[in-house]
Amino acid sequence: MYKFFQRKPKILSPRVVVQPYLSWQSRLTSVIIGCSLLLLLSWGMYEMGRLSANLHENVIEEKLAYLFDPGTCRHTKKQKLCTQIGDLIQQLQISNAANQDLAEEMKFLANENDQLKEKLEFFQYLIASNTKSGISIYQFSLKETQMPGEYRYALTLIQGGERPNDFKGNLRFTVKLTQNNQSKVIPLTKKNLQQDFPITFKFFHRLEDSFKAPPNSIVEYIHVEIYRKGSKKVILSETAQPTL
């Protein structure tokens, strides 16, 4: 009995598991590797889903093309259904043709509207210039045509005043261009190689013509000078750069 009370009590404790210590560098590396694996897995599943969807759409398009083919339709569907499908296709073609015609007509009307605006501005300028005597340049333009190396220029002159006399003079055009990294100024000439373009008008005069630039050249601008007949003094000059 005494020995029983003298026995030392035992301390019962849970099991102790000893694990190796992991540094924060190792833990961070494990997290990065895990995230990378998850991203690769997600990307692979996305690509598989996209390929599956594209394949499904292609199959549907092939089925629709097969079903709406006139020859196939006659063999697999009723004649009435084939007729309805043919009528719908014909109506769709007619609608597309009508839309194209409408677009062309709208484009034509827009161009005509721009021309009317230009004419209106011209007459307004002409009326306003009647109070001023002498000639003036209303418009001077240079445009590149669809032909390679071809340019078209247009010049409109106006003479104002109550009772203007006929203006008689000459025009001289020069073109500045760059060819083989060299700048050149070339005069425009008529068919008889004359540089003077004689003009005679009372109220307004319009000149429109074209020229072809030398090969491998870039036109920078065109310049015009106006002289009175029998005089070498320039009374007006203007420069125009090419536009599309």
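Numbering starts at 1 and runs along the sequence shown.
Considering all non-hydrogen atoms of both residues, Pro242 and Val219 come closest at CG-O, 3.5 Å. Of all the heavy atoms in Phe201 and Ile158, the pair that sits closest is CE1-C, 4.3 Å. Across all non-hydrogen atoms, the minimal contact from Asn170 to Pro198 is OD1-CA, 3.3 Å.
The hydrophobic clustering, which links ILVMFWY residues whose side-chain heavy atoms are closer than 4.5 Å, places Ile137 and Ile235 together. Hydrophobic cluster membership differs between Phe167 and Val234, with clusters built from Ile, Leu, Val, Met, Phe, Trp and Tyr side chains linked at under 4.5 angstrom.
Side-chain N or O atoms of Ser231 include none that pairs as donor or acceptor with a backbone N or O of Arg228 at under 3.5 Å. For the pair Gln241 (side chain) and Leu142 (backbone), a donor-acceptor distance under 3.5 Å is absent. Of the possible polar contacts, none joining the Gln159 side chain to the His205 backbone as a donor-acceptor pair under 3.5 Å is found. Using a distance-only test at 3.5 Å, with no hydrogens or angles considered, no donor-acceptor pair links the side chain of Lys232 to the main chain of Tyr227.
The side-chain heavy atoms of Leu207 and Ile199, taken from C-beta on, include no pair separated by under 4.5 Å.
Between Tyr138 and Phe204, the gap from one ring centroid to the other reaches at least 6.0 Å.
Rounded to the nearest 0.5 Å, atoms CZ (Phe173) and CD (Gln195) are 12.0 Å apart.
Around the NZ atom of Lys212, the shell of radius 6.0 Å holds more than 12 heavy atoms that belong to other residues, nucleotides or ligands. Taking a 6.0 Å sphere around CG of Asn216, one finds it holds 12 or fewer heavy atoms contributed by other residues, nucleotides or ligands.
With respect to the salt-bridge test (charged N to carboxylate O, under 4.0 angstrom), the residues Asp209 and Arg152 do not qualify.
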